[in-house]
Amino acid sequence: MRRLLLVAALALAGFPPPAAAEAAPRLEAPHYDFDRATIRKGAELFAQRCFACHSVAHIRYQRLETDLGMPLGTLEDDIMLPSDARIHQGMVSAMRPQDAAKWFGVAPPDLTLEARYRGIDWIYTYLKSFYRDPKRPTGFNNHVFKNVAMPDVLEPLQGILAADGRVIKKGSVSPQQFDRDAADITAWLQYTSDPSKLEREALGPWVIGFLAVFTLLAYALKRVVWRRVHRGASQAGS
Amino acid sequence: MSRVLAWIDRRFPLSRLIRESMTEYYAPKNFNFWYFFGSLALLVFAMQVITGIFLLAHYQPSASKAFDSIQTIMYDVKWGWLIRYLHTTGASFFFIVIYLHMLRGYLYGSYRKPRELLWIVGFVIYVCLMAEAYFGYVLPFGNMSYWGGEVITSIVGAIPYAGSWLASLARGGFGIGTATLNRFMAFHAVLVPALLGLLVVAHVLALHETGSNNPDGIEIREHLGPDGKPLDGIPFHPYYTVKDIMGVGVFLIALSLVVFYAPTVHGLFIETYNYIPANPLQTPPDVTPAWYLAPYYAMLRAIPDKKLGILVLFLAIAAPFFLPWLDRNPRAKSIRYRPVYLAMVVVLVACLLVLGWIGMQPASPALLPPARIGLALYFLFFASLPFVSRIEPTRPVPDRLRM
Ligand code: HEM
């Protein structure tokens, strides 16, 4: 019954905007070329820093070789996990969801479609927005995802920031390099959300080129066939 | 070859059909841009059926498997992404094509005598198309599918007396789940397409009975030459076949640009929120319909009372049905000779565009006044047409077509 009421209310008024009382932080757009090299770098970072918790289950390991041109050796040594994983299997994290839920309170979601759902800018900004917050069990909070259950796993790279952006502890890489790393991971997640993009955009010019030639020929044919009608019109003097 | 044809013709009216509907079907010679969309609608319809059959080969209509089966198509089926993007893009293009096709009817008064039935069959096609799109929208069972399913079935539930029975009939139970997906698939893949197919045949039969209207709104059959053929007519084949093929080329280029470079069109053709699986516990931040139904949704939300809102919604959808009898200009059909009517159509289209935009925004009180003005103007078009059309200034209509 309550749900019916809710639905009735929503059919009438639509949903009220989400309880976004505090101003949402501005999302930052990452800069990267969506090419195989970038995505491969992102895949390796993902395997090192994220794959322990998050799956990208719709992506089979094999794709990294066939789509992205990653050498089989790198794939087996750096990416595949646990060691009994098979090349045709999906990239499922070794962490069992029920354990994860126990440890973090929430199971880390599968990230295959994350870029579709949240958007690229959101992911990039999210990865860069962790800050020190002693009140949280992990010791960290996030500007775009309030009270997030995920620990700041990129802290060794980025260092530790305060809520106002002040650097508390320097990271192992420069801020510029960190931006590039975060962008590479984002590129990888963009790829997982729609692997067809590489194939589509390579195929597009051929298909459209073919159609353009077809259309030009059709136009020429139309001109020839219609010449009679236009001549007829001018003879009739109308 | 000719002997084979003769053999067939004695048993089946093949040559006669070709003659009557192609080589000796006389169409006005002044068709313009707006006349491409009928043949393009046929093309998209065929494309949706074919890509739909391929999707059905992998789709699983159950609450636990539907979402993943769509992802399997996208990730694991060879060319699966192409098939699915063609189908989703095709759905939006179908509505673009149909809206332009219908607008042509408004512009040139194509709904008027003797084409009332042609118009009404078209109108029923449009209603079926909305149903088709809705059923299809629920099938992937993302979270937007789920809540869209809830909202529309709850509208059905608000119908007096039979409402709750109808709603649970549509859902196949109390909530949206496997039973809903099963019946929606039966509707989406069998019932509605079959109806559409029959209606399209009736539509084209009616068209060939009355002959096409044209941008001047003049009946070419009233001026026959000594050979009994319309003086301003040309045979459909070859003239309009070659022209329509050119239109097909341009159309496929536009379609390919979307399919290959921007298949979701920023959440317009495939909604962002449908990329998480259906979740009865997680309501999306705002449930807004696909763009092609958004004007109606804006109208629904513009009315504070739910039952009244639904009534207005039905009236808004039904209004164009009555056009043939609302427009009473005795001298002209086409906007070319009716400046006031042209202005009214322009306002109508502007209203629908604004309402469509509002329908896709999160509900907000600031948007209520413009939505209500749009709604009022929409109905004003239909309500005032019987009077305006009788007294509006009309330019002299020539006897013969202008090229
Ligand atoms: C599956 C959908 C549809 C298909 C395949 C279709 C097909 C066609 C075709 C092939 C023509 C002749 C070519 C042309 O005039 O462009 C035509 C004419 C026409 N259609 Fe449709 N149509 C569809 C939907 C509709 C709808 C929704 C309406 C209106 C509510 C409509 C109203 C008309 C009218 C009034 C004409 C005659 C126009 C004139 O002669 O000026 N049709 N249709």
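Quick caveat: nothing in here was measured; it's all calculated off a predicted structure. In the text below, chain A, chain B and the rest are named by the order of the sequence lines, each starting its count at 1.
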Under the side chain to side chain contact (heavy atoms under 4.5 Å, CB included) criterion, do B:Asp68 and A:His58 qualify, and how do the steps go?
-> CA-CA 9 Å; B:Asp68 273 342; A:His58 290 296; 3.6 Å; yes
Under 4.5 Å from any heavy atom of chain A, what part of [X] do you find: side chain, backbone, both or neither?
X        : answer
B:Thr241 : neither
B:Leu252 : both
B:Ile152 : neither
B:Ile276 : side chain

Determine the option with the most heavy-atom pairs under 4.5 angstrom with chain A, choosing from B:Gly267, B:Gly249, B:Gly309.
-> B:Gly249
Note: vs chain A, highest number of non-hydrogen pairs under 4.5 angstrom among B:Pro263, B:Gly247, B:Pro238, B:Gly80 is B:Pro263
Evaluate the criterion ring-ring contact (aromatic ring centres under 6.0 Å, His included) for residue pair B:Phe260 and A:Trp206; output intermediate values, then yes/no.
-> CA-CA 11 Å; B:Phe260 289 99; A:Trp206 295 96; over 10 Å; no
[X] [atom1]: over 12 foreign heavy atoms closer than 6.0 Å:
X        : atom1 : answer
A:Phe34  : CZ    : yes
A:Lys197 : NZ    : yes
B:Arg372 : CZ    : yes

Yes or no on side chain to side chain contact (heavy atoms under 4.5 Å, CB included) for B:Tyr275 and A:Glu114, after CA distance, side-chain angles and deciding distance?
-> CA-CA 8 Å; B:Tyr275 277 107; A:Glu114 183 74 4; over 6 Å; no
Measuring heavy-atom distances to chain B, does [X] have an atom under 4.5 Å in its side chain, in its backbone, in both, or in neither?
X        : value
A:Asp194 : both
A:Val207 : side chain
A:Pro205 : both

Report the C-alpha separation of B:Trp79 and A:Glu199 in whole Å, then their side-chain angles, then the decisive distance to 0.1 Å, and conclude whether the side chain to side chain contact (heavy atoms under 4.5 Å, CB included) test is met.
-> CA-CA 10 Å; B:Trp79 298 112; A:Glu199 202 178 346; 3.9 Å; yes
Taking atom types as modelled and ignoring hydrogens, do the side chains of A:Tyr117 and B:Asn143 form a donor-acceptor contact shorter than 3.5 angstrom?
-> no
Of the non-hydrogen atoms in [X] and [Y], which two are nearest, and what is the gap between them?
X        : Y        : answer
B:Val242 : A:Leu221 : CG1-CD2, 3.6 Å
A:Arg60  : B:Asp76  : NH2-OD2, 2.7 Å
B:Met246 : A:Thr215 : O-CG2, 4.0 Å
B:Thr272 : A:Arg116 : CG2-O, 3.0 Å
B:Val259 : A:Arg200 : O-CD, 3.4 Å

A:Tyr219 (side chain) donor-acceptor with B:Lys243 (main chain) under 3.5 angstrom = no
Look at the side chain of B:Tyr75 and the backbone N and O of A:Ser193, then say whether any donor-acceptor pair between them is shorter than 3.5 Å.
-> yes
Below 4.5 Å, heavy atoms only, C-beta onward: do A:Arg228 and B:Ile234 meet side chain to side chain?
-> no
Going by heavy atoms in the side chains, are A:Ile208 and B:Tyr261 under 4.5 Å from each other?
-> yes
Rounded to the nearest 0.5 Å, what separation is found between the CG atom of A:Asp110 and the CD atom of B:Gln71?
-> 10.0 Å
